[in-house]
Amino acid sequence: MKIHLTGSNWHAGTTQNLKKAFETLGHEVFFFEKHLSRNSRIARNLVMRFARRPYVAENYFYEITSRHWLESVKAFSPDLIVIEDAPTVLAEYIKQARVLGRPIFYYEISPPQESGARDVLLSFKYADEAFCIDREWAKFIEIFSPKKVHHLPLAGSPEDFYPLPKEKKIYDVAFVASAPEQSPDGLIRANLANSIPKNLRVGVFGSGWHYWTRYFPELAGRIGGARQPSIAEVNRIYNQSKIMINFHSTSHRTSISSRTFEIALSSGFQIADYREDFSLLFPKDFFPIYEDVKSMNELIVSWLPREAERNKRAAEAREYVLAHHTWLHRAKEMLKVFADYAKKRA
């Protein structure tokens with residue numbers, strides 16, 4: 001089968017995970033890069049800075065991407081069109097693609113918000129099947145797509161995240177995540193990282209952390225770099241850490257970050273904040289869950305001395321994710337929906 005996939009970048013910079021999964025299953029995949037070229041992004045930012053109507057200016061550049069998208073669909077002539085969260089592909093072009101008579105599946109992996117929300121939500125009017133990682137976001141989608149929204153969680157890539165037995169444990173506690181200055185996520189993550197007991201070896205990695213040293217000066221000694229680490233570096237950090245702290249974005253309502261699966265695949269031990277989908281996707285009490293700074297630190301102090309138990313729990317988590325939560329599993333779930341769709345249309 002031929003699949004036209006408009007792809008996404010995932011946590012830690014992993015790319016084309018669904019593409020690789022579809023190809024593993026024997027399908028031919030065309031991967032459309034939904035992001036503007038570097039020069040187009042520079043031009044868009046300059047125009048939007050001075051434009052009286054920035055939303056119109058932004059749409060001009062999205063029109064360019066959308067035309068290229070539709071041209072690539074026509075040229076590839078796929079059996080299935082899959083779009084992963086692409087506000088840069090305008091809804092009217094997805095509507096035009098329906099003329100080709102090929103099923104269109106839309107997979108929402110980010111909350112519909114800001115200017116891009118319009119085209120994301122409108123796109124569901126023209127999609128044949130809708131998928132979403134978060135059951136709360138699905139309520140908004142169903143306003144525009146009064147058909148069933150399939151719950152399709154994020155996943156992990158065992159090709160990118162795996163144990164490195166020879167790595168030494170450099171950090172007692174580590175945190176790999178962006179800490180954006182314009183988001184409450186950055187503030188909460190900075191506060192959590194700064195609050196970990198001072199006598200522990202702590203490393204924080206990702207973009208944006210240096211901004212928060214103006215409010216948390218002592219955090220400076222825990223920052224492991226000014227940029228987002230590569231996939232290989234993230235996997236190494238997971239392997240070098242006794243405990244990983246997992247804090248989900250405030251935009252997640254029920255869903256689980258791909259970080260959860262990636263840490264597990266690396267055989268890392270994690271302490272996480274609560275999300276409802278833990279009860280759907282994992283056995284009860286599978287991960288230690290913290291509610292606030294105090295309970296996070298209590299869990300850190302409790303689990304640090306218990307190396308054998310940590311290792312056992314981490315190994316169990318890896319095996320469980322390998323058995324249930326890789327991108328290959330998600331691709332199979334989507335293709336099952338395609339098979340059911342094809343039967344109804346036959």
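Index from 1, following the sequence. No experiment lies behind these values; they were computed from the predicted model shown.
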Notebook entry, point to check: How would you list, by chain and number, every residue that makes a ring pair (Phe, Tyr, Trp, His ring centres under 6.0 Å) with His151, sequence neighbours excluded?
Noted result: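 Expected list: none.
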- Task: Go through the structure and list residues passing ring pair (Phe, Tyr, Trp, His ring centres under 6.0 Å) with Phe30, not counting sequence neighbours.
- Result: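 His4, Phe76.
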Donor-acceptor side-chain pairing of [X] and [Y] below 3.5 angstrom:
X: Glu129; Y: Tyr106; answer: no
X: Asn246; Y: Thr260; answer: yes
X: His329; Y: Thr326; answer: yes
X: His252; Y: Ser255; answer: yes
X: Ser257; Y: Arg275; answer: no

Applying side chain to side chain contact (heavy atoms under 4.5 Å, CB included), name anything that partners [X], two or more places apart in sequence or on another chain.
X: Lys20; value: Asn17, Asp160
X: Ser241; value: Tyr171, Ala174, Ile237, Met244
X: Pro288; value: Phe269, Ile271, Leu299, Trp303, Arg313
X: Leu164; value: Tyr162, Glu167, Asn235, Arg236, Asn239

message = Between Ile188 and Val293, is there shared hydrophobic-cluster membership here, with clusters defined by ILVMFWY side-chain heavy atoms closer than 4.5 Å?
response =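 Yes, Ile188 connects to Val293 through the hydrophobic network.
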Proximity of [X] and [Y] rings by center, below 6.0 Å:
X: Phe124; Y: Phe144; result: no
X: Phe287; Y: Phe278; result: yes
X: Phe175; Y: Phe205; result: no

Are Arg98 and Asp128 close enough, and set up right, to give a salt bridge (Lys or Arg N to Asp or Glu O under 4.0 Å), and what steps lead you there? CA-CA 9 Å; Arg98 292 190 62 80; Asp128 295 288; 3.3 Å; yes
Passing candidate, side chain to side chain contact (heavy atoms under 4.5 Å, CB included) with Ile83, options Phe131, Trp69, Tyr107: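 The single option meeting the side chain to side chain contact (heavy atoms under 4.5 Å, CB included) with Ile83 is Trp69.
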(message) Could you walk me through whether Glu71 and Arg67 satisfy the salt bridge (Lys or Arg N to Asp or Glu O under 4.0 Å) test, starting with their C-alpha distance in whole Å, then the side-chain angles of each, then the deciding distance to 0.1 Å, before giving a yes or no?
(response) CA-CA 6 Å; Glu71 289 167 2; Arg67 285 200 301 269; 5.5 Å; no
Please determine whether salt bridge (Lys or Arg N to Asp or Glu O under 4.0 Å) holds for the pair Arg201 and Asp172, giving the CA-CA distance in whole Å, both sets of side-chain angles, and the decisive distance to 0.1 Å.
CA-CA 5 Å; Arg201 296 171 298 170; Asp172 294 317; 3.2 Å; yes
